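Keep in mind that what you see is a predicted model, and the values were worked out from it rather than measured. Residue numbers run from 1 in the order of the sequence given.
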Amino acid sequence: MNECEFIEQCPFFNGQLQGDLRKIEAMKQKYCRTNNLNCARYMVAHALGKDHMPKDLFPDQKTIAYSVIAESSLS
């Protein structure tokens with residue numbers, strides 16, 4: 001798998017979300033550089049467009065991503 005196509009504009013990847021630096025670096029490796037298909041941010045961007053990604057969504061918050069996508073389809 002290649003790097004995520006949204007990596008340049010991603011607030012998570014570019015340090016705009018706060019958290020444990022070791023955990024964030026591990027998530028960057030797992031989701032941004034290796035397998036973006038499992039990333040909650042990528043799921044929302046792919047389903048609804050990158051403008052619909054919640055700014056504070058972490059890559060491992062898939063339950064929230066599913067809710068955002070489901071709520072959008074109800075509108």
Side chain to side chain contact (heavy atoms under 4.5 Å, CB included) between Phe6 and Arg41, worked out: CA-CA 9 Å; Phe6 302 115; Arg41 298 183 62 80; over 6 Å; no

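- Residue Leu57 comes nearest to Leu17 through the heavy atom pair O-CD1, 3.6 Å, listed as atom of the first residue, atom of the second, then distance.
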Thr34 and Gln29: CA distance, side-chain angles, deciding distance, side chain to side chain contact (heavy atoms under 4.5 Å, CB included) verdict: CA-CA 6 Å; Thr34 306; Gln29 184 60 35; 3.4 Å; yes

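- Under a hydrophobic-cluster definition in which Ile, Leu, Val, Met, Phe, Trp and Tyr are linked whenever side-chain heavy atoms come within less than 4.5 Å, directly or via other members, Leu37 and Met43 are assigned to different clusters.
- Side-chain contact between Phe12 and Ile24 is present, with at least one heavy-atom pair separated by less than 4.5 Å.
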Pair Met53, Lys50 - check side chain to side chain contact (heavy atoms under 4.5 Å, CB included), show working. CA-CA 6 Å; Met53 275 192 274; Lys50 65 182 180 180; 3.7 Å; yes

Check against side chain to side chain contact (heavy atoms under 4.5 Å, CB included), Glu8 and Phe13: CA-CA 8 Å; Glu8 295 295 323; Phe13 188 83; over 6 Å; no

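- A donor-acceptor contact shorter than 3.5 Å is absent between the side chain of Asn36 and the backbone of Ile7.
- In terms of heavy atoms, Ala65 sits closest to Ala40 at CB-O, 3.6 Å.
- Of the possible polar contacts, none joining the His46 side chain to the Tyr42 backbone as a donor-acceptor pair under 3.5 Å is found.
- Each salt bridge (Lys or Arg N to Asp or Glu O under 4.0 Å) pair with one or both residues in residues 55-68, not counting sequence neighbours, appears once here: Lys23-Asp60.
- The main-chain N or O of Tyr31 is never found under 3.5 Å from a side-chain atom of Asn35 such that the two would form a donor-acceptor pair.
- A salt bridge links Glu25 with Lys28; the closest basic N to acidic carboxylate O contact falls under 4.0 Å.
- Counting heavy atoms of neighbouring residues, nucleotides and ligands inside a 6.0 Å radius, atom CD of Gln16 exceeds 12 of them.
- Separation of atoms SG (Cys32) and CD (Glu3) is listed at 8.5 Å; rounding is to 0.5 Å.
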